[in-house]
Amino acid sequence: MNLLRKTKSWKTFFTVVHWTYRRSNSWVQLAGHEGNFRFSEAGHILKKFSVNESRCLQQLMGDVLRPYVPAYYGVVDKDSEQFIQMEDLLMGLSSPCIMDCKIGIRTYLEEEVTKSRQQLNLRKDLYQKMCKADPKAPNEEEHRRGGVTKLRYMQWRETMSSTASLGFRIEGITMENGTVHRDFKHTKTREQIIRTLIRFTDGCTETLEGYWFRLQAIKEALMQSQFFKSHELIGSSLLFIHEQKGRVNIWMIDFGKTTGLPEGQSLRHDLAWVEGNREDGYLLGLDNLLGLFSETMARQAALTPPQD
Ligand code: I3P
């Protein structure tokens, strides 16, 4: 596998968590660990270089969104490879609970649609992932060929999960004890998401409320942001991090597929995608998340007996 190829949201937090846990034991155990990250000095992590991501982080350092993205420290060379050096969001946290939500109604770039039309590149690995999640998902032709196009796989993932309907999906969760859950491919309905939020926050209303306020603050910053106006955000995530009875935080991460629009153009981020309009539905997802956190809070508050 070409290690320089990808910058993954799910892998981001999964790998970062492992870095931190292992770091507290022995980071030497990391030898051979697959991933996009390298150990760096305390407080920093190194992520495999991506032109898009590095360009975005650089611009974000001068934008109103700066408080909501990891600090960016430039590009460094290590072991003959290039890395982006950025803030380790888990620094100082002993047992964080983490949730990665991929935001937007679409997870593929418009150019991937064009490419898929031009050349029918069938992927066996994606066909296998599809069969594993649902053996009935591939059609007869796909079964016969033993492959699916990446576009077909991505669109299937979007409709199986809440991406297409709610503009975001839960990619993975790490619980306080370090157990990692990735079984969210079929998490689609509001009810399923509310149950997941309760599990993730242990039903704690303060934590839910903390997240709601942080989401609201991000939304306000997005509305002011020049960067947001002028970029299409695809495959970008919000990383939710809290410690039991402790700090609550949400970060905007993963800009590997975030691209700038031509000079003078802008996006609304709250419209449906029609090929050519480049809309990503980021705000649709954010509003749905806000609504779901409110609903979860209300449900939990109703369970809590009133204090004297
Ligand atoms: C992956 C997910 C990633 C995508 C990756 C998929 O599927 O959709 O977003 O990478 O494509 O395999 P899953 O979540 O089911 O594991 P990009 O966003 O970078 O395109 P890949 O196999 O080509 O890396």
Side-chain angles (χ1 to χ4, degrees), residues 1-18 34-37 47-57 84 98-138 142 146-174 180-188 192-193 196 231-239 252-259 273 278 280-282 285:
M1 184 178 114
N2 177 358
L3 287 174
L4 275 173
R5 201 165 58 111
K6 290 293 167 192
T7 47
K8 308 273 186 198
S9 62
W10 147 252
K11 281 184 185 155
T12 302
F13 92 78
F14 180 73
T15 314
V16 172
V17 172
H18 276 245
E34 183 230 310
N36 293 328
F37 295 85
K47 182 175 181 180
K48 298 277 179 194
F49 178 76
S50 130
V51 182
N52 267 2
E53 183 144 47
S54 130
R55 196 182 288 147
C56 288
L57 284 169
I84 290 167
I98 306 159
M99 175 171 74
D100 182 307
C101 286
K102 197 175 269 195
I103 311 294
I105 42 166
R106 174 165 59 97
T107 56
Y108 51 86
L109 296 165
E110 291 198 348
E111 67 194 46
E112 294 183 85
V113 180
T114 320
K115 212 193 287 171
S116 178
R117 272 194 207 114
Q118 284 162 355
Q119 32 169 279
L120 215 61
N121 183 14
L122 296 180
R123 297 255 313 253
K124 192 176 165 198
D125 60 329
L126 298 182
Y127 166 77
Q128 285 165 344
K129 276 207 278 188
M130 203 175 190
C131 287
K132 199 170 163 213
D134 179 5
K136 292 200 207 96
E142 288 160 348
V148 293
T149 62
K150 178 160 174 184
L151 181 63
R152 158 84 168 115
Y153 178 80
M154 301 289 267
Q155 290 179 333
W156 168 77
R157 281 280 278 121
E158 291 171 4
T159 48
M160 288 317 294
S161 66
S162 52
T163 291
S165 52
L166 295 173
F168 77 92
R169 72 173 177 236
I170 298 172
E171 290 279 301
I173 286 181
T174 296
V180 177
H181 302 275
R182 314 174 62 164
D183 45 347
F184 299 105
K185 278 205 169 65
H186 299 279
T187 301
K188 180 173 182 164
Q192 284 172 315
I193 292 163
T196 307
H231 283 76
E232 174 190 14
L233 280 82
I234 300 295
S236 182
S237 283
L238 288 177
L239 193 70
M252 292 175 68
I253 59 163
D254 287 318
F255 302 101
K257 284 166 79 171
T258 292
T259 42
W273 175 63
R278 293 186 69 175
D280 53 25
Y282 197 100

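Worth knowing before you read on, the calculation uses all heavy atoms, side chains too, and leaves out hydrogens, waters and symmetry mates. Whatever order the structure lists ligands and atoms in, that order sets their numbers, starting from 1.
The shortest N or O to N or O distance between Lys129 and ligand 1 is under 3.5 Å. Between Lys257 and ligand 1, at least one N/O pair is under 3.5 Å apart. Close N/O approach between Asp125 and ligand 1 is not found [any backbone or side-chain N/O within under 3.5 Å].
Below 4.0 Å from some heavy atom of Lys185 lie the following atoms of ligand 1, by number and element: 15 (O). Counting the atoms of ligand 1 from 1 in the order shown, those under 4.0 Å from a heavy atom of Arg157 are 13 (P), 14 (O), 15 (O). The atoms of ligand 1 that sit less than 4.0 Å from any heavy atom of Leu126 are 12 (O), 22 (O). Those atoms of ligand 1 that come under 4.0 Å of a heavy atom in Lys150, given as number and element, are 10 (O), 11 (O), 17 (P), 20 (O), 21 (P), 23 (O). Residue Lys102 approaches ligand 1 through these ligand atoms, each under 4.0 Å from one of its heavy atoms: 3 (C), 9 (O).
Using modelled atom types, one finds a donor on one side chain and an acceptor on the other under 3.5 Å when comparing Arg278 with Thr259.
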Considering only distance and modelled atom types, tabulate donor-acceptor pairs under 3.5 Å from the side chains of residues 159-170, sequence neighbours left out.
residue	atom	partner	partner atom	Å
Thr159	OG1	Gln155	O	3.2
Thr159	OG1	Trp156	O	3.1
Ser161	OG	Arg157	O	2.8
Ser161	OG	Thr163	N	3.4
Ser162	OG	Phe168	O	2.5
Thr163	OG1	Arg169	NH1	3.4
Arg169	NE	Glu171	OE2	2.5
Arg169	NH2	Glu171	OE2	3.4

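Proximity of a side-chain donor or acceptor of Arg106 to a complementary backbone N or O of Tyr108 within less than 3.5 Å is detected. Remark: the backbone N or O of Gly104 is not paired with any side-chain donor or acceptor of Asp280 at under 3.5 angstrom.
Pairs engaging residues 110-120 under the salt bridge (Lys or Arg N to Asp or Glu O under 4.0 Å) rule: Glu112-Lys150, Glu112-Lys257, Arg117-Glu275 [sequence neighbours left out].
Taken from CG in Asp100 to CD1 in Ile253, the straight-line distance is 5.0 Å, to the nearest 0.5 Å.
Residue-ligand proximity: Tyr108 is placed with every non-hydrogen atom at 4.0 Å or more from ligand 1.
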**Stepwise side-chain contact (heavy atoms from CB on, under 4.5 Å) test for Ile193 and Phe184** = CA-CA 10 Å; Ile193 292 163; Phe184 299 105; over 6 Å; no
